[in-house]
Amino acid sequence: SFNKMRPGATYVAYAYGVEFDGDNYTVTVPLHQISVQLPMSQMYDVTFNISAQIASSGVASVAISPVNWKNYYAVNIIPDTSLYYVQDGENMSENTLRALGNDFYKRARQAMQGGITAEAFLRSSCYVGSQMINMSVNGGTKYMVVVFAVESEDGGIPTMCSMPTLAYL
């Protein structure tokens, strides 16, 4: 079963046979291993309208409006010094997409292991509906705004469930 395993992650399964005789054992079947890459969660066709600008005071204003999504979404504002940063006009690689989804999953899992429910995590870390987000940024640094839909099935660990929409500051 793949329950409680991270979507998009790669796992390695090992199998071998042994025969015990008291405190001794003999390998009867040699070690076999297989890599299994789990699929990402179901991805919905969701888009976001994003308007972003930096004021002369060094405050970024990002207006986000979901087009066809009424539930929670996550927002990341990523500097151009990050490995996740994608140049304007380039496509996000599958590895970067998986890494963003995995990072979100890990944050959610850690919060839930600390006793927070999935709904409480989503309420405190994500957004619903049209939002205006303001944050201080460093002058001379370019930023990428990444917005993607998220969901929790039956109170499980929330996951990314749409391709990200990108905008640039």
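Side-chain atoms are counted along with the backbone in the values below, which use heavy atoms only and exclude waters and symmetry mates. Owing to the predicted nature of the structure, the values given are computational and were not obtained by experimental measurement.
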Ile78 to Tyr85 - nearest heavy-atom pair and separation:
O-CD1, 3.7 Å
Do Asn71 and Val128 have side chains that get closer than 4.5 Å, going by heavy atoms?
no
Kindly indicate whether the side chain of Ile157, heavy atoms from C-beta on, has any atom under 4.5 Å from the side chain of Ser152.
no
Do Ser93 and Asn91 make a side-chain contact, defined as non-hydrogen atoms from C-beta onward lying under 4.5 Å apart?
no
Asn24 side chain reached by Thr26 side chain, heavy atoms, under 4.5 Å:
no
With no hydrogens and no angle check, is any side-chain donor or acceptor of Asn68 less than 3.5 Å from a backbone partner on Asp45?
yes
Would you mind reporting whether Leu100 and Met160 have side-chain heavy atoms less than 4.5 Å apart?
yes
Can a donor-acceptor pair be found between the side chains of Tyr73 and Gln131 at a distance below 3.5 Å?
no
Do Tyr84 and Asn76 have side-chain N/O donor and acceptor atoms under 3.5 Å apart?
no
Any side-chain heavy-atom pair from Ile133 and Val75 closer than 4.5 angstrom?
yes
Should the heavy atoms of other residues, nucleotides or ligands under 6.0 Å from CG of Asn134 be counted, would the total exceed 12?
yes
Which pairs of donor and acceptor atoms, one on a side chain in residues 135-150, lie under 3.5 Å apart (sequence neighbours left out)?
| unit_1 | atom_1 | unit_2 | atom_2 | d |
| --- | --- | --- | --- | --- |
| Tyr143 | OH | Asn138 | N | 3.0 |

side-chain contact (heavy atoms from CB on, under 4.5 Å) between Phe48 and Val67, worked out:
CA-CA 5 Å; Phe48 298 89; Val67 174; 5.8 Å; no
Hey, what do you get for SG (Cys161) to OH (Tyr44), rounding to the nearest 0.5 Å?
6.0 Å
Would you compute the distance between atom CG of Leu169 and atom CD1 of Ile77 and round it to the nearest 0.5 angstrom?
6.5 Å
Please test Tyr168 against Val86 for side-chain contact (heavy atoms from CB on, under 4.5 Å), starting from the C-alpha separation and ending with a verdict.
CA-CA 10 Å; Tyr168 293 86; Val86 177; 4.1 Å; yes
Taking the side chain as every heavy atom from C-beta outward, state whether Pro158 and Glu151 have any pair of such atoms under 4.5 Å apart.
no
Please report, to 0.1 Å, the donor-acceptor pairs under 3.5 Å made by any side chain of residues 111-126, with sequence neighbours excluded.
| unit_1 | atom_1 | unit_2 | atom_2 | d |
| --- | --- | --- | --- | --- |
| Thr117 | OG1 | Ala120 | N | 3.0 |
| Glu119 | OE2 | Tyr72 | OH | 2.6 |
| Ser124 | OG | Ala120 | O | 3.1 |
| Ser124 | OG | Phe121 | O | 3.1 |
| Ser125 | OG | Phe121 | O | 3.2 |

Quick one: closest heavy-atom pair of Thr159 and Phe104, and the distance?
N-CE2, 4.1 Å
Is it the case that atom OH in Tyr16 sees more than 12 heavy atoms from other parts of the structure closer than 6.0 Å?
no
Return yes when atom CD of Glu90 has more than 12 non-hydrogen atoms of other residues, nucleotides or ligands closer than 6.0 Å, and no otherwise.
yes
